[in-house]
Amino acid sequence: MSSIDLIPERRQRRILAILVVSAVLIWIDSTVLGIALERLADPVDGLGATPGQLQWAVGIYSLLFATALFLAGALGDRFGHRTILMLGLLIFGGASAWAAWATGPVALVLARAAMGLGGALIMPTSMAIIGWTFPPERRAGAIAIWGSSAGVGVAVGPVLGGLLIDHFWWGSVFTINLPIVAFGLVGAALVLPNPRSPQRRRLDPLGLGLSTLGLLGLSYGLIEGGHQGGWNRWQVWASIAAGLVLLAGFIFSEWRERQPSFDPRLFRNRRFAAGNFTLAVVFLLLTGQSFYLAFYLQGARGMSALSAGLMSLPAASGVIVGSQLGSRLAARYGVAKVSGTAVFVLAACSSMNLLYDVDTSLVWIGVVGALVGLSIGMTTAPTTTAVLATLPLDRMGAGSAVNNVLRQVGSVLGVAILGTIVSSTYQHRIAPSLVGLPDAAGTSAEATRHVAGTLGRPELVTAANDAFIHAMHVAALVGAGIVLVGAIVLVLAFRIPTPSQSPDPRAGEPEPADAGRL
């Protein structure tokens with residue numbers, strides 16, 4: 001398709017506007033659920049969801065998003081990228097309505113899975129349409145504008161979601177998506193081109209099945225290990241083992257393919273492997289921390305949903321500033337110094353959660369949140385650019401797909417690992433205070449507070465808050481340790497020269513002046 005030369009600039013701007021709206025939809029939904037978690041756990045005003053069910057509601061979205069990304073690109077090549085983008089919008093809109101009026105936790109989890117599938121169909125097809133629409137000299141600017149939708153969604157989602165929850169029912173947070181989907185569908189039908197690739201990729205159903213089932217098995221074992229009787233059940237370990245075997249089978253099957261959807265051979269490059277590992281653990285911490293901080297702010301501290309949403313603004317602002325600042329500094333000083341330092345700061349910020357209590361200053365929490373956002377921005381933008389710069393031009397598409405998938409996998413594991421640590425630690429800590437009460441009273445802090453209100457025992461509320469904050473501290477410490485490993489790996493990989501490079505002090509860093517820019 002030679003539409004690059006045929007599409008006038010005015011239409012290019014309209015095309016970009018529709019794609020930005022579609023991307024904002026995904027980012028709003030990835031953040032807005034966190035504001036609703038406390039209400040969803042409420043047995044009276046919500047669904048009475050257990051911690052495990054809430055972990056699934058968050059994690060299943062990222063899981064389906066990760067595993068369906070490859071399918072979306074292949075379908076777009078075959079049937080047209082606008083066609084698949086509109087299909088993704090339809091699925092996303094229908095699943096949002098399903099989630100808004102879900103009658104129980106299981107229905108909510110299934111709706112979130114469908115939303116993850118819809119989001120996966122939107123993201124890579126949007127990138128493909130940008131590539132087909134804009135000439136090379138304008139493409140980088142278009143991608144930068146499209147990428148800025150992340151900051152908009154992260155900033156708007158929690159605030160708008162908090163406003164709706166404070167005035168309507170919990171499901172109203174998902175109705176945000178419906179007018180955006182409608183606008184996107186109309187705009188896509190009227191404005192977007194429908195490019196197809198002359199070289200159609202295979203759909204890879206085996207890879208899709210193995211990766212999805214493998215991540216499901218691993219996530220099930222990690223999440224359920226912290227609930228329903230602990231880690232000593234054979235079902236937990238069997239699920240984890242089966243998940244690891246299926247994922248190993250996925251890697252093996254992809255390794256043997258001539259044109260794999262997920263190319264494990266790319267990890268032969270040390271910097272590609274290290275950079276993606278670090279990005280995965282950064283998203284692991286980001287998603288896991290967002291999960292337990294939602295319960296900290298609204299549960300332990302008793303903040304309204306809107307107030308909790310406003311507390312996300314410093315972090316969102318930090319991401320926006322950090323992305324631009326990190327790219328410029330990395331171009332001058334190198335990824336090891338800039339992004340490596342940022343990941344070390346991120347680990348330190350996670351450790352600062354140990355200072356959080358029921359009466360910690362909100363100003364201090366906002367400052368830490370801004371540092372977290374700044375660190376994430378200064379890590380993701382330059383590291384992603386540097387990782388893709390390690391690949392030849394003909395492998396950029398495959399490398400970008402791997403990069404996006406591993407971020408989503410990190411998000412899945414963040415909820416599974418850190419969420420499970422919070423849940424299991426809380427249950428162990430609160431048990432002595434619940435002697436003589438039903439076991440269900442100790443499944444979560446929300447359940448304990450509900451029992452305390454029913455029985456008129458305010459001391460149980462204090463015990464629940466103390467136990468939850470202790471559990472949050474343990475998860476924060478574990479998260480800090482994981483991210484610290486990522487920081488060390490990143491610095492070592494990008495500072496140590498490869499055999500083909502001279503051992504000068506800047507070896508392993510991007511040389512061109514614009515190497516760190518998006």
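Numbers here simply count residues along the sequence, with the first being 1.
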Review point. What do the steps show when you test Thr380 against Phe283 for side-chain contact (heavy atoms from CB on, under 4.5 Å), and what is the final call?
Key: CA-CA 9 Å; Thr380 54; Phe283 275 79; 3.8 Å; yes
Anything under 3.5 Å between a donor and an acceptor, one on a side chain of residues 62-70, the other on a protein residue two or more places apart or in another chain? List them.
residue, atom, partner, partner atom, Å
Thr67, OG1, Leu63, O, 3.1
Thr67, OG1, Thr212, OG1, 3.1

Exercise for review: Please report the C-alpha distance between Met115 and Ser96 in whole Å, then the side-chain angles of each, then the deciding distance to 0.1 Å, and finally whether the side-chain contact (heavy atoms from CB on, under 4.5 Å) criterion is met.
Suggested key: CA-CA 7 Å; Met115 292 170 75; Ser96 297; 3.5 Å; yes
Practice item. Take Leu346 and Val372 through the side-chain contact (heavy atoms from CB on, under 4.5 Å) test and state the conclusion after the steps. Key: CA-CA 6 Å; Leu346 183 61; Val372 167; 3.8 Å; yes
Inter-residue atom distance [X].[atom1] - [Y].[atom2], 0.5 Å rounding:
X	Y	atom1	atom2	result
Leu40	Ile35	CG	CD1	11.5 Å
Leu121	Ser22	CG	OG	12.0 Å
Leu87	Leu75	CG	CG	8.0 Å
Ile251	Arg265	CD1	CZ	11.0 Å
Thr125	Met123	OG1	CE	9.0 Å
Leu293	Ile365	CG	CD1	8.0 Å

Do [X] side-chain atoms and [Y] backbone N/O form a donor-acceptor pair below 3.5 Å?
X	Y	answer
Arg301	Tyr296	no
Asp166	Leu306	yes
Arg112	Tyr61	no

If you compare all heavy atoms of [X] against all heavy atoms of [Y], which two are closest, and at what distance to 0.1 Å?
X	Y	result
Asn465	Ala300	OD1-CA, 3.5 Å
Ala416	Gln55	O-NE2, 3.5 Å
Trp170	Arg39	CB-CG, 3.8 Å
Leu297	Met311	CD1-CB, 4.1 Å
Thr287	Ser411	OG1-OG, 3.2 Å
Val368	Cys349	CG1-O, 4.0 Å

Note, [X] side chain near [Y] side chain (heavy atom, < 4.5 Å):
X	Y	result
Phe183	Ile18	yes
Tyr333	Arg328	no
Phe468	Val358	no
Leu490	Ser339	yes
Ile176	Leu25	no
Thr175	Ser172	yes
Leu215	Val409	yes
Phe291	Leu286	no

Practice item. Kindly indicate, with the supporting measurements, whether the criterion side-chain hydrogen bond (donor to acceptor under 3.5 Å, both in side chains) is fulfilled by Thr384 and Arg407. Key: CA-CA 11 Å; Thr384 300; Arg407 292 190 194 194; 2.4 Å; yes
Check your understanding: So, Arg271 versus Thr383: side-chain donor-acceptor pair below 3.5 Å or not?
Key ->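 Judged by distance alone, the side chains do not pair up.
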Exercise for review: Report yes or no: do Ser304 and Ser307 form a side-chain donor-acceptor pair below 3.5 Å?
Suggested key: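 There is such a pair (donor and acceptor under 3.5 Å, judged by atom type) between the side chains of Ser304 and Ser307.
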Review point. By side chain to side chain contact (heavy atoms under 4.5 Å, CB included), which residues pair with Ser351, not counting sequence neighbours?
Key: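 For Ser351 the side chain to side chain contact (heavy atoms under 4.5 Å, CB included) partners, ignoring immediate neighbours, are Ala480.
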Practice item. Kindly state whether the ring of Phe267 and the ring of Phe272 have centres lying under 6.0 angstrom apart. Key: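 Close enough - the centres of the two rings lie under 6.0 Å apart.
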Check your understanding: In a check of side-chain contact (heavy atoms from CB on, under 4.5 Å) between Leu418 and each of Val415, Val422, Thr420, Ile421, which one passes?
Key ->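 Considering Val415, Val422, Thr420, Ile421, a side-chain contact (heavy atoms from CB on, under 4.5 Å) with Leu418 is found only for Ile421.
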Which atom pairs, donor and acceptor, lie under 3.5 Å between side-chain atoms of residues 469-478 and protein residues at least two apart or in another chain?
residue, atom, partner, partner atom, Å
His473, NE2, Asn353, O, 3.3
His473, NE2, Leu354, O, 3.3
His473, NE2, Tyr356, O, 2.9

Practice item. Could you check Leu185 against Val181 for side-chain contact (heavy atoms from CB on, under 4.5 Å), going step by step and ending with a plain yes or no? Key: CA-CA 6 Å; Leu185 284 171; Val181 166; 3.9 Å; yes
